[in-house]
Each structure stands twice: as C-alpha cells, then as structure tokens.
Amino acid sequence: MSDFTIATWNVNSLKVRLPQVLDYMANNPVDVLCLQETKLDDEAFPRQAFSDAGLHVCFTGQKTYNGVAIISRTEQTNVQKNIPHFEDAQQRLISATIQGIRIICAYMVNGQDLDSDKFVYKMNWLTALHEYLGSELKQHNQLALLGDFNIAPDDRDVHDPAKWLGGNLVSPQERGFFQGFLDLGLSDAFRLFEQTEKSYSWWDYRQGGFRRNAGLRIDHILLSKALAERCTSCVIDKIPRQHEQPSDHTPVLATIHV
DNA sequence: ATGGCCTGTGCGACAGGA
C-alpha cells in the first residue's frame, strides 16, 4: 500500500507561474497536478520543461483565456479534451486515466453576474458537465473531479456570506449544481475531514485579501465512493499564495491510500 | 467606491477574473 496524492491549482497564467509549478512538483509528493487558466494555446505550451523534469502532461488551451492541463509522474491514457457532445470554443476541461484513476480537470465558468449572458453559459456548461460525469462514473469506479469550480458550496466557504448573499459563485442555482455532483455519488474531499474555520483557496489580489483572509473556497476535489473510502487527507496548501508574484488561487491536495 | 490588483494584448487602455 502507498499514498497517491492528487492536486488542483488555478495558476492564472502558466507562462508567469511555470517556475513555481516546476518547483512545486520538485518539492512536494504530488503524483497528479491539475492546472487551470494556463492561458496558452497548445503551440505555446511548455511541454519540454515538463518532460525535462520527467513529468507526463496533457493539455488543451487557447490564447489569453482559460486552458487546462494535467501533470503526472506516471503515464496517462485515454486523454479526452473538452466535454463530449458539448460544442465549446472555450478550453475548460481535460480528462485522463492515471494509475487506474479517472482524473477530470475542470476550469468551470465564472459567470460574472446572475443576469449576464455568461451566467447562462455557466448553467449550460454545468448541465453538460453533470451529464458527462454521470457517463464517466458508469465506466470508472475510481474517479476524481478536480478544479476551479467557481462555486463556493456553503456559507462556511465564504469570508463574508452577508456581503456575497445570493450573488455569483454562491447563488442557489450554482450550489444546486454542486449538490447535483454530490448526488451522483461524489464526495467533497475537503469536508471528509475536520478543518479549521475560514479555510479558503482563493483571495482577491486587491485590498490585501490574503492578509485579511478575505477569501472563498472555490477550488475543489470531488471523489467517487471507491476513492473517498480510501482518502486519508485533504488540505489547502497556502504556501504558494505567500510566494512573490503568486497566483490568486492556492493548491488543494487530497491523498488516497492505494 | 461596480475602485483598489494581476494578466494578456500590444503599446494604450480595456477585458476578464471572482
């Protein structure tokens, strides 16, 4: 038996954060790292830097916006880009099987505002993801969905619930989709364990958000039953958020006894 | 204070993020 650690990190530009990502893989026992907001098209992706470090990688991206990647220490098979049967110009999802575990890396839609066209797109995107997850769970007993969900599932996950009440990222509609994922049989790995209060994964760059711990927990790891039963810890690693030139998100890690 | 910051684009502001 050994530990298998999977993680998710919205890097807010892989071009800027590449040294931090390589450093993170060199110095942490992370077997799989899912990245979001790479903001690079596939031609510009630094594949050589990862292969030089002995890492496997799959990715799908576009210039300026979005973009996702999965970094792993071992081979990846059955790589699938985007959500099948969902036409989408935005590159927000990639799946791969690694050591028998189906890994789905997602950068879910922000939505901007409840009366925005972008919120309509968010609802449609989440509907397509729910359908895809149902189909993937039928084929894969061991499945993990990791990423930037752009949903704070509970008021515990919001630094100032009164200020955010009902707004984008915390609306009943968005939380309904999160609950829908749980209803498929997935578990929020972070809530499998006792956690310190006011634990967040994102802090605004403005107004000293990190210093004041004015954050949100919007980056999540959801595990199928077979993985949740063998999950031994889930933590938010705040150290990268303390670095020079940090991403506004910090990594979330889950360890599974395999 | 529907601003404050950061990134990309591309060279001046603006879009987008959350």
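Here is how names work: the chains are called A, B, and so on, in the same order as the sequence lines, proteins then strands, and each is numbered from 1.
- Between R191(A) and D157(A) there is a salt bridge, since a side-chain N of the basic residue sits under 4.0 Å from a carboxylate O of the acidic one.
- Looking at heavy-atom distances under 4.0 Å, H249(A) makes contact with sugar-phosphate atoms alone, never a base.
- If you take atom P in dG4(B) and the same atom in dA13(B), they sit 16 Å apart, rounded to whole Å.
- If you find the closest nucleotide of DNA chain B to K63(A) and to W164(A), the one lying nearer the 5' end belongs to K63(A).
- Rounded to a whole angstrom, the distance from the P atom of dG16(B) to that of dG10(B) is 14 Å.
- Nearest-nucleotide assignment on DNA chain B puts the 5′-proximal partner with T64(A), out of N10(A) and T64(A).
- Inspection of the S201(A) and D219(A) side chains reveals an N or O donor paired with an N or O acceptor under 3.5 Å.
- Classified by interplanar angle (parallel below 30°, tilted 30° to 60°, perpendicular above 60°), the ring pair H159(A)/Y200(A) is perpendicular.
- Using a 4.0 Å heavy-atom cutoff across all strands shown, F210(A) reaches no nucleic acid atom at all.
- Donor-acceptor pairing under 3.5 Å is lacking for the side chains of K122(A) and N150(A).
- The one candidate from K163(A), R217(A), R175(A), K198(A) that meets the salt bridge (charged side-chain N to carboxylate O under 4.0 Å, His left out) condition with D155(A) is R175(A).
- A nucleotide of DNA chain B counts as in contact with chain A when one of its atoms lies under 4.0 Å from a heavy atom; the first and last such, 5' to 3', are dG4(B) to dA18(B).
- N150(A) comes within contact range of the sugar-phosphate backbone alone, with a heavy-atom separation under 4.0 Å but no base atom that close.
- Counting any heavy atom pair closer than 4.0 Å across all strands shown, D148(A) reaches sugar-phosphate atoms only and no base atom.
- Among the protein residues, D219(A) comes within range of no part of the nucleic acid, since none of its heavy atoms lies under 4.0 Å from any strand.
- A gap of 25 Å separates the C1' atoms of dA1(B) and dG12(B), to the nearest Å.
- For D3(A) and H257(A), the side-chain atoms include at least one donor-acceptor pair closer than 3.5 Å.
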